[in-house]
Asker: 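This is the structure, below, for whatever I ask next.
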Amino acid sequence: MSHAVSYSIRDKIGVISVDSPPVNALSQRVREGILDAVRKAQKDKSEAVVLCCKGRTFIAGADITEFGKPPLEPGLSEVLSAMENSSKPIIAAIHGAALGGGFEVALACHYRCAVAGARVGLPEVKLGLLPGAGGTQRVPRIAGIRAAFDMIVSGNPIAAAKARDMGLVNEIIDGDLVEGAISYARDLVDSGAPLKRIRDVNIDPATIEPGFFEQARKRVNARARGQIAQDRIVSCLEAAVNLPIDKGLKRERELFIELLTSPESAAMRHIFFAERQAAKIKGLPRETPVREINQAAIIGGGTMGGGIAMCFANAGIPVVLLEVNDEALDRGLKIIRKNYSITVKRGKLTEADVKKRMALITGATNYADIADADIVIEAVFENLDLKKEIFAKLDETCKAGAILATNTSYQDVDAIAAATARPEDVVGTHFFSPANVMKLLEVVRGAKTADDVLATVMLTGKRIGKVCALSGVCYGFIGNRMLTGYGREAQLLLLEGCTPQQVDSTLEKFGMAMGPVAMGDLAGLDVGYKARQSRKAEGDDPRPYAVSTRLVESGRFGQKTGAGYYRYDSETRARVSDPEVEVMIREEAEKFGIERREISEAEIIARCIYPLVNEGAKILEEGIAQRASDIDVVYVFGYAFPVAKGGPMFYADQVGLKSVYDKILEFRNRHGEQNWEPANLLKQLAENGGSFADLDQRPA
Ligand code: CAA
């Protein structure tokens, strides 16, 4: 038998134990081990069998690293059918998480028991897949179609108690799981409990409300952003109702294979591993010591500071919010309370939860009150002198070993560190707004930032629910630096012939959550206008901002004034095209002597996305980002780049770097090299048939 799985008999109960770190994924060795054990159990003296796992979790799913490689025997469906057809009851004993193929293993068992802290779920949709080993056929047979739809389309795991209420788990075990599961198995045998095979349950089609599947399909397609798995999940659930189980399983298999070989799933699997990879810092061993973080402090109780404080409180870490006076502090705390009350209204938190979290946030107006903090995050507005002043004060007040972080979108972290006598303790933490919602955290490594500071911040980021990516110091770091070209081209496209609607809808069809023009309206056109006024320089090209400037000067600041590039319905906030703006655009184009023309969707995409790729390549070349996949993580989690496209660098690899490079040369010839000078790295890779993925694989 494979070493990943052991089998023994205790008190006439067979115990199959999976031990395959880190997460007991269903690799070939695990599948083979379970199959051998089930076969053995059919012939021995055992009266029932418990399937349990060692380590931190039950089986967390298929082994994703095997996807895309030639299939290895035995397949999971062979293992599951041997389990379901076992002549003796098999009981799954779940701790940690039973996810994907792991939960499908549990569903092929005759009974499921779990510790209270366990979770079960079918997260395949997050990898652009559907549960391919019976999940879509078995869950609706116990929990009903509606619950199955919610569970499989969201991919979110469910806590053990709720799973028991839904019928997905039969018994919650207190105390030692394996002992409890063995005694539960004994009770089942002694009471002559039947072999419960979920496959024997039929769903009565009359219980499904008419039109349910059409509605479900419409709903998922409306927010698909290029993903196709949700639509195929609806087809599988339809099959669960309309077809006998074997035909339903066959249909599920066909659709699973379709998804497995789809570019969307390849992109999403790339992001799964990229996210985990991004948390690792090249050259820093796993065992790099970390500092203990038990108390945080935030300087500045504005939208950003308040949002960051919420992240710490949500993770159970006490946090002090420091403001300049009581009035500002009150305002900050009120905003936090209001944000929490919105979450309560949405049913995602209870009042009791909010009380607990608010109790972790204390206000202060005196630096002495943050002297004991293990990490201080400064989140005041973007003014370098002010930030330096604050860091000099922190240097005077904070205890030795405290991590001093600056939350900034573009300031020079090294200049801020130089305001202290301990630059090794200083690091950048670029949160995204709203900080309590957005997943990305860019961690900025200063020239002198100590390794243990970086390791601690990466770990703390994960603790407070963020996806971390490391950036070096440069203006705008990874994300905002790349964004410049994206915004510029969207504006130039307007002058050259597009309507705002055309640019936005094309990029939204590509999968962006919101097109760049509408995004300007949401952020407020006055913000960029003011920034441009304050740093106007000789030789600035006025064309990319011509329309925006005109809009602001005619009082159209975007959504907040009900009009910007679009007009906004005062109640629904729906955007409506405005012929007045189209006239303005035409006039501005004429002013610059730009001849307007028909522009294809393909050009809109290339003009907006390729600057991201080109700047991304420069960022890699300069060592600002560690890996191309880190850049993808930044874009997917910080800028709502479609996960089904895998981030700008993965997307460029899919298109082919030669073809991206050639297009950039074409744009350079047409629009000049100021904006379209190709990155050397891109040139090299394109000319040598390379890819960003190859580059990431090269040893450091
Ligand atoms: N296959 C291969 N490797 C996996 C894996 C999987 N299913 N799940 C996790 N890993 C690896 C991670 O890449 C990571 O490796 P490194 O340490 O080398 O980076 C390691 O296991 C630990 O993972 P996390 O850092 O994510 O650990 P965590 O404790 O934060 O979370 C977890 C644990 C909740 C199980 C999380 O890893 C997770 O959500 N895993 C994916 C679960 C999933 O999507 N399962 C469905 C797979 S598809 C499927 O099952 C199809 C089917 O129908 C047959």
Side-chain angles (χ1 to χ4, degrees), residues 4 18 20-31 34 53 55-69 71-72 74-80 94-108 117-139 151-152 154-159 229 232-233 236 249 252-262 265-266 268-282 285-287 315 439 458-459 461-468 627 629-630 633 643 696:
V18 180
S20 181
V23 295
N24 293 315
L26 286 162
S27 61
Q28 189 274 339
R29 284 182 335 133
V30 171
R31 297 195 300 272
I34 297 176
C53 292
R56 69 214 236 203
T57 180
F58 191 77
I59 301 166
D63 184 341
I64 307 170
T65 58
E66 283 184 3
F67 288 172
K69 298 182 185 154
L72 297 166
L76 186 55
S77 52
E78 189 186 340
V79 180
L80 299 196
I94 303 170
H95 77 289
L99 298 178
F103 186 45
E104 290 172 305
V105 165
L107 290 169
R119 295 172 306 146
V120 302
L122 294 169
E124 287 84 346
V125 71
K126 297 185 181 179
L127 299 168
L129 297 170
L130 54 80
T136 66
Q137 305 303 295
R138 290 193 177 93
V139 170
M151 179 175 185
I152 305 174
S154 75
N156 293 334
I158 291 173
R232 307 305 189 269
I233 289 168
C236 287
L249 288 171
E252 180 194 73
R253 195 74 210 152
E254 286 162 5
L255 293 173
F256 176 78
I257 301 286
E258 180 204 334
L259 293 177
L260 188 61
T261 49
S262 69
S265 175
M268 293 171 79
R269 281 180 272 137
H270 161 73
I271 289 296
F272 176 86
F273 288 113
E275 177 186 339
R276 283 153 182 81
Q277 201 57 19
K280 294 170 193 145
I281 299 175
K282 284 189 181 172
R286 264 182 200 241
E287 50 291 353
K439 295 285 283 178
M458 295 308 256
L459 201 69
K462 185 170 181 188
R463 238 174 113 191
I464 63 172
K466 299 297 167 204
V467 175
C468 299
R627 319 171 178 91
S629 65
D630 286 14
V633 165
V643 63
D696 280 356

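All of these numbers come straight from a predicted model, not from anything done at the bench. Throughout, residue positions are numbered sequentially from 1 according to the sequence presented. Start at 1 and go down the list; that is how both ligands and their atoms are numbered.
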Asker: So if I count the atoms of ligand 1 from 1 in the order they appear, which ones are less than 4.0 Å from some heavy atom of Phe273?
Answerer: 13 (O)
Asker: Which protein heavy atom lies closest to atom 16 (P) of ligand 1, and at what distance to 0.1 Å?
Answerer: Lys280 NZ, 3.5 Å
Asker: Check for me whether Lys126 has a heavy atom closer than 4.0 Å to any atom of ligand 1.
Answerer: no
Asker: Side chains of Arg232 and Val125: closer than 4.5 Å at any heavy-atom pair?
Answerer: no
Asker: Do Val139 and Leu107 touch side chain to side chain, with heavy atoms closer than 4.5 Å?
Answerer: yes
Asker: To check your reading of the model: name the closest protein heavy atom to atom 4 (C) of ligand 1, its residue, and the distance in Å.
Answerer: Val23 CG2, 3.9 Å
Asker: Under a 4.0 angstrom heavy-atom cut-off, which atoms of ligand 1 come close to Lys462?
Answerer: 25 (O), 30 (O)
Asker: Any donor and acceptor pair, going by atom type alone, linking the side chain of Ser265 with main-chain N or O of Leu127 inside 3.5 Å?
Answerer: yes
Asker: Between Gln277 and Ser629, does a side chain to side chain donor-acceptor pair (under 3.5 Å) hold up when you go through it step by step?
Answerer: CA-CA 8 Å; Gln277 201 57 19; Ser629 65; over 6 Å; no
Asker: Within the protein, is there a heavy atom lying under 4.0 Å from atom 31 (O) of ligand 1?
Answerer: no
Asker: Output the list of atoms in ligand 1 that are nearer than 4.0 Å to some heavy atom of Pro131, sorted by atom number.
Answerer: 53 (O)
Asker: Heavy-atom distance to atom 48 (S) of ligand 1: which of Glu275, Glu124, Gln277 wins?
Answerer: Glu124
Asker: Among all protein heavy atoms in this structure, tell me which lies nearest to atom 50 (O) of ligand 1, with the distance rounded to 0.1 Å.
Answerer: Gly101 N, 2.8 Å
Asker: Looking at Gly132, which atoms of ligand 1 are within less than 4.0 Å of one of its heavy atoms?
Answerer: 52 (C), 53 (O)
Asker: For Leu127 and ligand 1, answer yes if some heavy atom of the residue is under 4.0 Å from a ligand atom, otherwise no.
Answerer: yes
Asker: With a 3.5 Å distance limit and no angle check, can you tell me whether His95 reaches the backbone of Gly117 through a side-chain donor-acceptor pair?
Answerer: no
Asker: Would you say atom 54 (C) of ligand 1 makes contact with the protein, given that contact here means a non-hydrogen protein atom less than 4.0 Å away?
Answerer: yes
Asker: Does the distance from a Lys or Arg side-chain N to an Asp or Glu carboxylate O, for Lys439 and Glu275, drop under 4.0 Å?
Answerer: no
Asker: Show the atoms of ligand 1 that are less than 4.0 angstrom away from any heavy atom in Gly100.
Answerer: 46 (C), 50 (O)
Asker: Between Glu252 (side chain) and Cys236 (backbone), is there a donor-acceptor pair under 3.5 Å?
Answerer: no
Asker: Would a 4.5 Å heavy-atom cut-off, applied to side chains only, mark Glu104 and Arg138 as touching?
Answerer: no
Asker: Is there a donor-acceptor pair closer than 3.5 Å between any side-chain N or O of Glu124 and the backbone N or O of Gly132?
Answerer: no
Asker: Could you find the nearest protein heavy atom to atom 2 (C) of ligand 1 and give me its residue, atom name and distance?
Answerer: Asp63 OD1, 3.4 Å
Asker: Counting heavy atoms only, name the option from Pro123, Ala62, Pro21 that's nearest to atom 6 (C) of ligand 1.
Answerer: Ala62
Asker: Is the cationic atom of Arg276 (NZ for Lys, CZ for Arg) positioned less than 6.0 Å from the six-membered ring centroid of Phe272 and within 45 degrees of its normal?
Answerer: yes
Asker: Is the closest side-chain heavy-atom distance between Asn24 and Phe58 below 4.5 Å?
Answerer: no
Asker: Where is the nearest protein heavy atom to atom 45 (N) of ligand 1: which residue, which atom, and how far?
Answerer: Ala60 O, 2.9 Å
Asker: Checking a contact table here: which protein heavy atom is nearest atom 22 (C) of ligand 1, and how many Å away?
Answerer: Arg56 NH2, 3.5 Å
Asker: Would you confirm whether Arg31, through its side chain, and Leu72, through its main-chain N or O, come within 3.5 Å as a donor-acceptor pair?
Answerer: yes
Asker: For atom 24 (P) of ligand 1, find the nearest protein heavy atom and state the residue, atom name and distance (0.1 Å precision).
Answerer: Arg276 NE, 3.7 Å
Asker: Return the closest protein heavy atom for atom 21 (O) of ligand 1 as residue, atom name and distance.
Answerer: Pro22 CG, 3.2 Å
Asker: State whether the side chain of Arg119 and the backbone N or O of Leu99 hold a donor-acceptor pair below 3.5 Å, judged by distance alone.
Answerer: no
Asker: For Glu104, counting its heavy atoms only, list the atoms of ligand 1 lying under 4.0 Å from any of them.
Answerer: 52 (C), 53 (O), 54 (C)
Asker: Which of the atoms in ligand 1, numbered in the order shown and given with their element, are less than 4.0 Å from a heavy-atom of Gly61?
Answerer: 45 (N), 50 (O)
